[in-house]
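Source: prediction; values computed, not measured. Per chain, numbering begins at 1; letters A, B, ... match sequence-line order.
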Amino acid sequence: SQQGEEDPQALSIQEGENATMNCSYKTSINNLQWYRQNSGRGLVHLILIRSNEREKHSGRLRVTLDTSKKSSSLLITASRAADTASYFCATLYNQGGKLIFGQGTELSVKP
Amino acid sequence: DTAVSQTPKYLVTQMGNDKSIKCEQNLGHDTMYWYKQDSKKFLKIMFSYNNKELIINETVPNRFSPKSPDKAHLNLHINSLELGDSAVYFCASSQIGGTGGSHGYGYTFGSGTRLTVV
């Protein structure tokens with residue numbers, strides 16, 4: 001299976017703290033993407049990082065990519081209660097054009 | 001103006017029935033997808049169409065048949081529904097063309113159809 005893995009599966013923090021989620025994948029990729037899913041809703045695209053990039057920022061989000069370790073991390077700084085959601089990494093592999101999702105991290109930010 | 005819209009939002013039906021889920025995107029994207037999310041939130045791709053042509057067909061039972069009348073629509077028809085088909089089905093679209101290579105855009109997802117087979 002090409003499915004990646006995320007850790008932790010669940011993360012509970014206080015408002016204002018930083019949240020870090022990790023993702024590992026298996027074979028060479030075209031890009032890696034992070035999505036957020038609020039309870040009962042669809043997925044929302046947050047950020048995309050290409051295989052030749054090492055770090056990317058978008059607002060309070062910082063994504064890193066280490067292709068030698070086949071891993072990525074998503075950092076949410078100064079978290080807010082509204083950040084409570086499931087976060088998924090997804091990898092676009094060079095073969096087949098399929099976007100494969102990890103199992104997600106459930107983030108709970110307590111006010 | 002919903003970018004990717006799916007109907008219905010909820011679908012409760014009995015085993016053995018046939019049902020359809022419709023999806024439309026107004027983003028002008030070339031490629032559309034169906035994903036299935038199970039009760040553990042695991043998302044698995046089912047089908048992908050690029051400009052009305054089927055390009056990805058995962059190991060999905062023949063009871064599932066996608067249809068794309070034009071590149072803005074991708075419908076999913078399910079025959080002889082089984083209990084195990086209960087899940088949330090998401091439609092998505094993107095500018096990714098053909099069999100690979102991203103133009104640097106993410107996918108846009110619909111809000112999902114929660115299918116419950118009883």
Atom NZ of B/K22: over 12 foreign heavy atoms under 6.0 Å: no
Note, B/Y33 side chain near A/L99 side chain (heavy atom, < 4.5 Å): no
Test of ring centre spacing under 6.0 Å for B/F42 and A/F101: no
Test item: B/L43 and A/L43 side chains (from C-beta on) under 4.5 Å apart, heavy atoms: yes
Hydrophobic cluster membership, B/L115 vs B/V60, 4.5 Å side-chain cutoff: yes
Path from A/I47 to A/I100 over hydrophobic side-chain contacts below 4.5 Å: yes
Main-chain N/O of B/Y107 paired with A/Y35 side-chain donor or acceptor, under 3.5 Å: yes
Part of residues 79-90 of chain A lying next to chain B, heavy-atom separation under 4.5 Å: A/S86, A/F88
B/I45 with B/M32, same ILVMFWY side-chain cluster at under 4.5 Å: no
A/L46-A/L107 co-clustered via ILVMFWY side chain contacts under 4.5 Å: yes
Sorted by number, residues from residues 79-88 of chain B in contact with chain A (heavy atoms, under 4.5 Å): none
Enclosure of A/N52 CG (heavy-atom neighbours >12, cutoff 6.0 Å): yes
Other residues, nucleotides, ligands: >12 heavy atoms within 6.0 Å of B/K52 NZ: no
Max heavy-atom pair count under 4.5 Å with chain A, selected residue of B/Q6, B/E58, B/K44: B/E58
Heavy atoms from other residues, nucleotides or ligands near CD of A/E53 exceed 12 (cutoff 6.0 Å): yes
